[in-house]
Amino acid sequence: MPELPEVEVVRRGLVEHVLGRVVDSVEVHHPRAVRRHLAGPEDLATQLLGARLVSADRRGKYLWLQVDDTTRGTRAVVVHLGMSGQLRVQRVGAPDEKHLRIRLRLRNDAGAVTELRFVDQRTFGGWVVDALELVEGSLLPRTVSHIARDPLDVAFDADRVVAAMRRKRTEVKRALLDQTLASGIGNIYADEALWRAQLHGRRPTDKLTRTQAHRVLESAAAVMTEALAAGGTSFDALYVNVNGDSGYFARSLAAYGQADRPCSRCGDRIIRESFMNRSSFSCPRCQPAPRARKA
DNA sequence: CAAGGCTCCTGATAGC
DNA sequence: TGCTATCAGGAGCCTT
């Protein structure tokens, strides 16, 4: 499941392998991959053809390539990997992947052509071409304008996020997953952050102390920074890699997916609980559940 | 308006 | 063996 660190690894790969190239062709192989581009696949293709990829940016789990051409101005192609999306840089003629959804042919100034492919088994991901607009000092595609800064953003304002979190009447895990509060955190890093901060995900946010709220956000930033350090070192040149399995740092997870294994802090047994139609993992001793649950 | 639930999708795996 | 049920989950959209 690509969360912030995995998406950042992809962004860095794009900087290295595709920036500066010009779009030669666009093929959309599955309509769901462009369902958020309301003007349709042909329009998406038209908007990209002939344009040069000039930068690769990210906020939370969203990533975008800014495209520029002298006659039509500046836009961005926004990519969300969803659950299973991958971006791959491939040579022309490499066999199509089973779940190939979009193919771009990209030409550099020397005339060499490579392909950028979007491969996405579960089709939760997708592309949109969007205008850019200024939101609180950042140039963002319209699709991303409602997404909050992520904890690794230099302008992330922890005090403000803590205040907003404590004003809400919700549970802390829900708040961590709310991309309009702080972005980039998904189910895996939410559980890891809660484990580090020694908080149960069902704790009500309006009852957290400022210190507790700060601690869980700092923990999220720390665990994502560590994951990025581990994942960012091992991607293949042919592969603007991400596979959502977080393979290279999965072994360092303390809570997520660790049901029945001992907590590395206290030795108690990690438990799995159902939450929002998915799973939460926590240590029952380090992260005691709140006793009363009020609506 | 805020909060919470539903739904999209495919493949792996468990269970009978 | 082969079928069906369950699970994985990001985020837009709908309901309350």
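Computation of the quantities below employed the complete heavy-atom set of this structure, encompassing side-chain atoms and omitting hydrogens, waters and symmetry-equivalent molecules. Everything numeric in this text was worked out from a predicted model, so none of it was measured. Just so we're on the same page: letters track the sequence lines, and every chain starts at 1.
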Rounding to the nearest 10°, end axes of the helix from B/dA2-C/dT16 to B/dC16-C/dG2 built from five pairs each make an angle of 60°
For the pair made of [atom1] in [X] and [atom2] in [N], what is the distance, rounded to whole Å?
| X | N | atom1 | atom2 | value |
| --- | --- | --- | --- | --- |
| A/Met276 | C/dC7 | CE | P | 16 Å |
| A/Arg32 | C/dG10 | CZ | P | 15 Å |
| A/Arg35 | C/dG12 | CZ | C1' | 9 Å |
| A/Ile188 | C/dG10 | CD1 | C1' | 12 Å |
| A/Phe281 | C/dC7 | CZ | P | 12 Å |

Sorted by chain and residue number, the salt bridge (Lys or Arg N to Asp or Glu O under 4.0 Å) partners of A/Lys61 (sequence neighbours excluded) come out as none
By salt bridge (Lys or Arg N to Asp or Glu O under 4.0 Å), A/Arg122 pairs with (sequence neighbours left out) none
With a non-hydrogen cut-off below 4.0 angstrom, is [X] in contact with a base, only sugar-phosphate, or nothing?
| X | value |
| --- | --- |
| A/Phe275 | nothing |
| A/Arg174 | sugar-phosphate |
| A/His146 | sugar-phosphate |

For the residue pair A/Val92 and A/Thr114, establish whether any side-chain heavy-atom pair is separated by less than 4.5 Å.
no
Taken in chain and number order and not counting sequence neighbours, the residues that satisfy side-chain hydrogen bond (donor to acceptor under 3.5 Å, both in side chains) with A/Arg261 are A/Gln258
A/Glu8 meets the side-chain hydrogen bond (donor to acceptor under 3.5 Å, both in side chains) criterion, sequence neighbours left out, with A/Arg11, A/Arg12, A/Arg58
Exercise for review: Let me see the working for A/Arg210 and A/Asp159 under salt bridge (charged side-chain N to carboxylate O under 4.0 Å, His left out), right down to the final yes or no.
Suggested key: CA-CA 9 Å; A/Arg210 281 185 191 81; A/Asp159 289 337; over 6 Å; no
Within residues 118-131 of chain A, the residues having a heavy atom closer than 4.0 Å to DNA chain B are A/Gln121, A/Arg122, A/Thr123, A/Phe124
Per nearest nucleotide of DNA chain C, the residue lying toward the 5' end, A/Ser279 or A/Arg36, is A/Ser279
Sorted by chain and number, sequence neighbours left out, side chain to side chain contact (heavy atoms under 4.5 Å, CB included) with A/Ala164 holds for A/Arg167, A/Leu181
The complete set of salt bridge (charged side-chain N to carboxylate O under 4.0 Å, His left out) pairs with one or both residues in residues 43-53 of chain A, sequence neighbours excluded, reads A/Arg52-A/Asp109
First and last nt of DNA chain B near chain A, cut-off under 4.0 Å to heavy atoms, 5' to 3', are B/dA3 to B/dG11
Would you please confirm or rule out a distance under 4.0 Å between OP1 or OP2 of C/dT6 and any side-chain N or O of A/Arg278?
no
Using only side-chain N and O atoms of A/Tyr62, determine if any of them is under 4.0 Å from OP1 or OP2 of C/dG12.
-> yes
Rounded to the nearest 0.5 angstrom, the CD-CG distance for A/Glu3 and A/Leu81 is 12.0 Å
Distance col, row A/Arg59:CZ vs A/Leu140:CG, nearest 0.5 angstrom, shows 4.5 Å
Taking for A/Asp178 and for A/Asn277 the nucleotide of DNA chain B with the nearest heavy atom, the one nearer the 5' end belongs to A/Asp178
In numerical order, the residues of residues 159-168 of chain A whose heavy atoms come under 4.0 Å of DNA chain C are none
Residue pairs passing the ring pair (Phe, Tyr, Trp, His ring centres under 6.0 Å) test with at least one member in residues 114-164 of chain A, sequence neighbours excluded, are A/Phe118-A/Trp127
Quick note, ring pair (Phe, Tyr, Trp, His ring centres under 6.0 Å) partners involving residues 257-289 of chain A, not counting sequence neighbours, are A/Tyr256-A/Phe281
Next item on the list: In plain terms, say whether A/Asp178 and A/Lys173 are close enough for a salt bridge, that is, a side-chain N and a carboxylate O under 4.0 Å apart.
Entry: no
Should the heavy atoms of other residues, nucleotides or ligands under 6.0 Å from CZ of A/Arg160 be counted, would the total exceed 12?
no
